[in-house]
There are 2 protein chains.
Amino acid sequence: MHLDERKMKILQAIIRNYLETGEPVGSRTISKYTDLNLSSATIRNEMADLEELGYIVQPHTSAGRIPSDKGYRLYVDSMMQENERQVEELKEMLVEKEEKMDHLLKQVAKVLAVNTNYATMITAPRYQKNKLKFIQLSRVDADQILAVIVTEGNVIKNSMIPVSETLDDETMLKLNILLNTNLNGLAIEEINLGMITLLKAQAGLHGSLIGEVIDAVAETIKEDEDLEIYTSGTNNIFKYPELADQKRASELITTFEEKQLLSKLVDDNMEEGTGEIKVYIGEEAPIQTMKDCSIVTANYEFGEGMRGTIGIIGPKRMDYEKVVGTLKTIKVQLDTLYQKDLKEE
Amino acid sequence: MHLDERKMKILQAIIRNYLETGEPVGSRTISKYTDLNLSSATIRNEMADLEELGYIVQPHTSAGRIPSDKGYRLYVDSMMQENERQVEELKEMLVEKEEKMDHLLKQVAKVLAVNTNYATMITAPRYQKNKLKFIQLSRVDADQILAVIVTEGNVIKNSMIPVSETLDDETMLKLNILLNTNLNGLAIEEINLGMITLLKAQAGLHGSLIGEVIDAVAETIKEDEDLEIYTSGTNNIFKYPELADQKRASELITTFEEKQLLSKLVDDNMEEGTGEIKVYIGEEAPIQTMKDCSIVTANYEFGEGMRGTIGIIGPKRMDYEKVVGTLKTIKVQLDTLYQKDLKEE
DNA sequence: TGTTAGCACTCGACCGAATAGAGTGCTAAC
DNA sequence: GTTAGCACTCTATTCGGTCGAGTGCTAACA
């Protein structure tokens with residue numbers, strides 16, 4: 001069933017107004033707010049209809065109306081018109097490119113939080129298909145060697161491996177060549193048991209060491225699985241009375257601190273591919289504690305196969321236009337950052 | 001001026017009681033609470049004295065008394081008696097030793113938070129005198145090399161260095177030897193301009209590369225200066241009504257999120273050396289937003305010259321005995337962890 | 001001289017009634 | 001189909017009153 005144009009306009013006006021004020025909005029307000037030139041009585045009739053259709057609700061009998069989840073949903077899906085204004089500022093803020101990944105991510109989270117006045121999160125990019133590019137074993141001490149592993153996306157991992165036997169330079173060189181010639185270019189899943197046995201055999205005496213190295217490699221890469229999530233602006237929730245009461249605030253803060261909980265958001269989003277911006281409204285959210293919030297997420301792609309998620313969490317009366325716009329900008333920004341990286345090097 | 005024994009006992013009783021309940025405590029309560037067998041009237045007289053001396057205050061005329069900062073201070077300095085009970089649990093929780101530093105630290109913060117019901121923070125150890133142990137340059141691509149730097153405490157740092165010239169294996173080897181023989185065992189401050197010039201000269205054609213590497217080394221080590229701080233249990237502040245009102249909660253949450261602010265705590269503490277446990281009460285805290293809190297900090301030593309700070313932040317009516325005890329345990333635990341590390345390897 | 005019982009007093013917390021005001025739904029007129 | 005008007009509902013706020021915890025002071029007591 002479709003709403004006629006007038007109902008649409010009224011619903012839109014209600015939502016817009018509520019986004020700003022956070023207060024239930026009454027018929028009189030709308031009567032003046034829109035350019036429809038209708039009296040409050042007429043609006044009241046329409047509002048009764050809209051309520052019956054489930055787009056708005058009344059907190060109590062003699063209060064104005066506020067949008068329901070369904071109302072927000074319609075708004076987000078068909079009535080929003082993004083504006084491209086503050087996009088430029090954002091770009092500038094990001095231009096001071098941070099060289100270290102984690103700094104960059106923290107920076108992004110912060111810029112987003114400051115810019116939108118909502119809580120934000122961003123995950124480090126995950127390596128979907130993670131090919132080995134380079135392995136280097138070095139003897140650091142008599143009894144430990146350092147394994148450095150570089151993957152396709154220029155992500156560097158280290159691991160200290162204790163060894164019982166002392167290895168001479170020549171052996172080290174051999175091992176390095178052995179590992180590099182055999183493993184480079186492989187994704188981690190491709191390193192199977194057969195290959196390992198082969199390597200061990202080739203390494204002769206030092207077969208057990210090879211095992212340890214491979215374990216270290218596997219572990220090192222897997223380590224990313226419990227992924228890093230950076231958050232910022234959690235205190236922003238106090239700016240919205242509907243979230244700021246003790247129970248809710250406490251729950252939300254906890255959710256933000258226990259970052260694992262946020263990973264639901266990520267998983268949910270990952271399946272979708274790089275796709276579009278996604279909006280969860282109220283109960284739609286995959287995280288129970290956020291049922292009074294809206295969440296907007298986007299995936300960004302940082303080089304091939306490395307994908308991360310950005311999320312903005314705020315009250316349901318979130319400024320969807322601004323948030324979606326901002327998120328799109330950041331996404332593009334991050335997507336292109338990697339390209340620039342390549343050029344510079 | 002010294003308090004007589006009875007006043008001491010009464011003050012102690014007031015504080016103990018207030019720590020538990022968070023409510024102002026009246027004369028009648030104390031009359032029953034202590035084994036002094038005094039009537040409430042007598043207590044009242046003594047309390048009037050204690051108030052005049054500044055150890056307790058009255059929120060309003062007809063309320064009981066609560067300890068002032070000065071009162072807490074006296075309590076912490078001379079009346080506390082730690083108890084050694086729950087120490088064992090804690091040890092067990094930490095025994096599952098995490099191999100990765102950041103995991104370990106997060107874990108510690110969490111264990112502390114869960115155990116005490118206060119907010120906690122812990123900094124990664126800082127390298128006071130940070131000697132180079134090993135440098136390794138590897139060619140990863142045609143146009144970039146990877147520098148791996150290992151310092152005395154087995155802390156590993158990476159840095160990608162873009163290069164214009166393509167270097168052959170032999171040159172790489174030479175450079176590695178050059179760097180290692182000259183720089184190993186030096187603290188970063190010891191690498192001065194003269195030395196750099198010397199190295200550059202010795203490197204001949206590749207002098208500029210040396211410069212870049214040294215820069216990378218410097219940068220890499222300096223990077224730690226903006227130190228990592230891990231926090232946990234921030235939501236615990238909601239358990240204490242006196243901190244949980246919106247204004248305060250928001251401020252505190254912000255402080256915890258903007259971890260730089262917490263670094264004041266660290267700096268303040270570092271000067272002191274490894275010393276004792278330190279307690280800030282109310283206004284004593286170096287962070288304005290925490291003037292309604294108490295903060296207990298300790299330094300731990302993770303191997304020689306690597307020092308970090310642990311802090312527990314809670315309401316002024318914090319269970320000082322427990323906190324100090326717990327903190328001591330953790331501190332010892334961390335101190336010894338490094339020793340164990342050495343043995344195992 | 002130190003301790004205690006007793007009492008008047010203070011002040012916040014709590015409760016209920018009264019009031020104001022925002023907003024509705026309905027009806028009747030345009 | 002639109003609107004003016006009105007009775008009605010419900011919340012938020014305010015105000016006075018009461019309750020009770022706790023105090024300070026005084027006078028009596030050991």
Side-chain angles (χ1 to χ4, degrees), chain A residues 3-11 13-18 20-68 71 241-242 244-246, chain B residues 3-11 13-18 20-68 71 241-242 244-246:
Chain A
L3 297 181
D4 63 38
E5 191 177 352
R6 199 170 73 178
K7 281 196 174 53
M8 280 292 227
K9 277 202 171 174
I10 291 172
L11 178 55
I14 292 173
I15 296 182
R16 286 265 163 73
N17 195 283
Y18 184 67
E20 270 180 40
T21 64
E23 300 285 312
V25 8
S27 53
R28 238 181 86 76
T29 316
I30 299 299
S31 163
K32 288 188 247 169
Y33 199 90
T34 56
D35 49 359
L36 289 171
N37 282 337
L38 294 173
S39 79
S40 62
T42 313
I43 304 289
R44 274 204 290 285
N45 291 331
E46 296 286 40
M47 278 163 87
D49 292 352
L50 283 169
E51 177 157 17
E52 200 174 346
L53 292 169
Y55 291 104
I56 52 181
V57 292
Q58 237 177 336
H60 57 84
T61 329
S62 75
R65 309 300 215 287
I66 64 176
S68 68
E242 63 267 48
D245 67 295
Q246 280 200 25
Chain B
L3 296 181
D4 63 38
E5 191 177 352
R6 199 171 71 177
K7 283 198 173 54
M8 279 292 225
K9 278 201 172 174
I10 292 173
L11 178 55
I14 293 173
I15 296 182
R16 285 265 163 73
N17 196 283
Y18 184 67
E20 271 181 41
T21 63
E23 300 285 311
V25 8
S27 52
R28 236 179 88 76
T29 317
I30 299 299
S31 164
K32 289 189 249 168
Y33 199 91
T34 57
D35 48 359
L36 289 172
N37 283 335
L38 293 174
S39 78
S40 62
T42 313
I43 304 289
R44 274 205 290 285
N45 290 332
E46 296 287 38
M47 278 164 87
D49 291 352
L50 283 171
E51 176 156 16
E52 200 174 346
L53 292 170
Y55 292 104
I56 51 181
V57 291
Q58 237 176 335
H60 56 87
T61 328
S62 75
R65 308 301 215 286
I66 64 176
S68 67
E242 63 266 49
D245 67 295
Q246 280 200 24

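By convention in this document, chain letters (A, B, ...) are assigned in the order of the sequence lines, proteins followed by strands, and residues within each chain are numbered from 1. Hydrogens, waters and symmetry mates are skipped; everything else that's a heavy atom, side chains included, is used.
Distance from the side chain of B/Leu38 is smallest for C/dT4 among the nucleotides C/dT4, D/dT2, C/dG25. Side-chain atoms of A/Arg44 lie closest to C/dT24 of the nucleotides D/dT23, C/dT10, C/dT24.
For the pair B/Arg28 CZ and C/dT4 P, the computed distance is 14 Å after rounding to whole Å. Protein atom CE of B/Met47 is 9 Å distant from nucleotide atom C1' of D/dG22, rounded to whole Å. Rounded to an integer number of Å, the gap from A/Leu36 CG to D/dT3 C1' is 15 Å. Counting to the nearest Å, the P atom of C/dG23 and the CD atom of A/Gln58 are 11 Å from each other. The distance from atom CD of B/Glu46 to atom C1' of D/dG24 is 15 Å, rounded to the nearest whole Å. Rounded to whole Å, the distance from CG on A/Asn45 to P on C/dA28 is 15 Å. The CG atom of B/Asn37 sits 12 Å away from the P atom of C/dA5 (whole-angstrom rounding). Atom CD1 in B/Ile43 sits roughly 10 Å away from atom P in D/dT23 (whole-Å rounding).
Contacts of B/Thr61 with the nucleic acid, taken as non-hydrogen atoms under 4.0 Å apart, involve only primed sugar atoms and P, OP1 or OP2. Counting any heavy atom pair closer than 4.0 Å across all strands shown, B/Ser27 reaches sugar-phosphate atoms only and no base atom. Residue contacts for B/Ala41: at a heavy-atom cut-off of 4.0 Å it reaches a base atom on one of the strands shown.
With the 3.5 Å cutoff on both pairing distances, Watson-Crick and G-U pairs in DNA chain C assemble into runs of at least 3 at C:1-30 with D:1-30.
Looking only at side-chain heavy atoms (C-beta outward), A/Pro24 and A/Arg65 stay at 4.5 Å or farther from each other. Contact of the B/Leu36 side chain with the B/Ile10 side chain is registered, since non-hydrogen atoms from C-beta on lie closer than 4.5 Å.
The shortest heavy-atom contact between B/Lys7 and B/Leu50 is O-CD1, 4.1 Å.
Between A/Ala63 and B/His60, it is B/His60 whose nearest contact on DNA chain C lies nearer the 5' terminus. Both B/Ser40 and A/Thr29 lie close to DNA chain C; mapped to their nearest nucleotides by heavy-atom distance, the more 5′-ward contact belongs to B/Ser40.
Residues passing the side chain to side chain contact (heavy atoms under 4.5 Å, CB included) test with B/Thr21 are B/Asn17, B/Glu23, sequence neighbours excluded.
For B/Ser39, a side-chain nitrogen or oxygen approaches OP1 or OP2 of C/dT4 to under 4.0 Å. Between A/Arg65 and C/dG25, a side-chain N or O to OP1/OP2 separation shorter than 4.0 Å is present.
From B/Arg6, atom CZ reaches atom CG of B/Leu11 across 14.0 Å, with rounding to the nearest 0.5 Å.
Not one N or O on the side chain of A/Ser27 forms a donor-acceptor pair closer than 3.5 Å with the backbone of A/Ile43. Between the side chain of B/Thr34 and the backbone N or O of B/Ile30 there is at least one donor-acceptor pair closer than 3.5 Å. Panel note: side chain A/Ser40, backbone A/Ser31; no donor-acceptor pair is recorded below 3.5 Å.
One donor-acceptor pair, N or O on each side, does fall under 3.5 Å between the base of C/dC11 and the side chain of B/Ser62.
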